[in-house]
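Taking it in order: structure first as structure tokens, then the write-up.
Just so it is clear, the model here is predicted, and its values are computed rather than measured. Remember, it's 1-based here, ligands and their atoms both numbered in the order they're listed.
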Amino acid sequence: LTGSAVANPNPSNFDREYLVPVIIGAVTPQTINMDLDTGSSDLWVFSNSTPGAQATGHVVYQPNTCNASTCAKLLPGETWSIQYSDMSSSSGIVYSDLVTIGGAAVSSQAVEAAQIVSSSFTTDTANSGLLGMAFSSLNTCRPQQQLTWFDNIKASLAAEVWTANLQKGAAGTYNFGYIDSTAYNSNITYTPVSTLRGFWEFTFSGYQLGSSSFVTTDMAAIADTGTTLLLLPSAVVESYWAQVPSAHLEPSLGAYIYPCSATPPNFTFGIGSYRGVVPGSYLAYGPVSSQWCYGGIQSQGSSPFSVFGDVLLKAQFVVFDVGNLRIGYAAK
Ligand SMILES: CN(C)c1ccc(C(=O)NN)cc1
């Protein structure tokens, strides 16, 4: 078994997120556009349990709890509640239902129906749920923790692996169970993943800011398709934006902005001896005013690891190798 699904950048807002059409339900299937998120492990959707004012503009999951084996089943007493690093949150109840992504189906997937969502989810009307693809140890369902869709399907796949091939301003692909050798240029460079924090966490071997020299220093990072930007230590971020005239940390935003007339420098990361290049044009996140643009590289703050979000991931072919607990990067 293998699967392949399109990854659509959220319409007209600078690749803020990538949405995947997910089919939920057997008796009355619904296609719900969801944010595939390697930074979390809950599969949750807007639903008929979400208050109307919070669900306006969203497709809502309507579980068909009919009496056949193929119907949705409420999991009695199960609840979930999650808070993301941007302080957004959601919570609710749990059903079991058929979930198909790119032709690959899980018959009894925990589908977490939202009863409450915070405002940033309500306003993001293109996104009707999150599809957690980090490790199941982070799943918030209680009292019985539930498995991610990938954990449920991996034994049925040709290989316990999936890949992300996101694109700048265009549809990309998530493939499940195989590696498409035509989708990348060079060899794939792998490095071990630590699952201790439940994320796709790994060590990168250093970085290069624009045309400066490569800085060799082991650093921790997570690969997070659910985070838009590239988050690095504040000292690195300061050095990076120092290369762009008039770029500065805007106190009111808590973020670096730069003149939209400038093209930011490239960012290069190391994995062993591999060098992954993120073109400066990928590190422009969009205007905050007529002349100031929001930087694609920002500080990781007090986080103990950097966050390789979409602005970096879309420049690479990325292999999430669950079977061997490793992550792979290749130029494309
Ligand atoms: C508000 N929305 C759409 C979010 C989507 C994803 C995340 C996140 O931290 N994923 N790792 C937060 C918020």
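- No side-chain N or O of N139 forms a donor-acceptor pair with one of Q146 less than 3.5 Å apart.
- Note on residues 230-255: pairs passing side chain to side chain donor-acceptor pair (under 3.5 Å), not counting sequence neighbours, are S212-Q243, H248-E250, E250-S252.
- With respect to the salt-bridge test (charged N to carboxylate O, under 4.0 angstrom), the residues R16 and D124 qualify.
- Aromatic ring centroids of Y282 and F267 lie 6.0 Å or more apart.
- Within the 6.0 Å centre-distance limit, the rings of Y329 and F202 are counted as a close aromatic pair.
- Taking the ring axis of F269 as reference, the NZ or CZ atom of R275 does not stay both within 45° of it and closer than 6.0 Å to the ring centre.
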Enumerate the pairs of nitrogen or oxygen atoms, one from ligand 1 and one from the protein, separated by less than 3.5 angstrom; state names and distance to 0.1 Å.
residue	atom	partner	partner atom	Å
ligand 1	10 (N)	D37	OD1	3.3
ligand 1	10 (N)	D37	OD2	2.8
ligand 1	10 (N)	G226	O	3.4
ligand 1	11 (N)	D37	OD1	2.9
ligand 1	11 (N)	D37	OD2	3.1
ligand 1	11 (N)	D224	OD1	3.2
ligand 1	11 (N)	D224	OD2	3.1

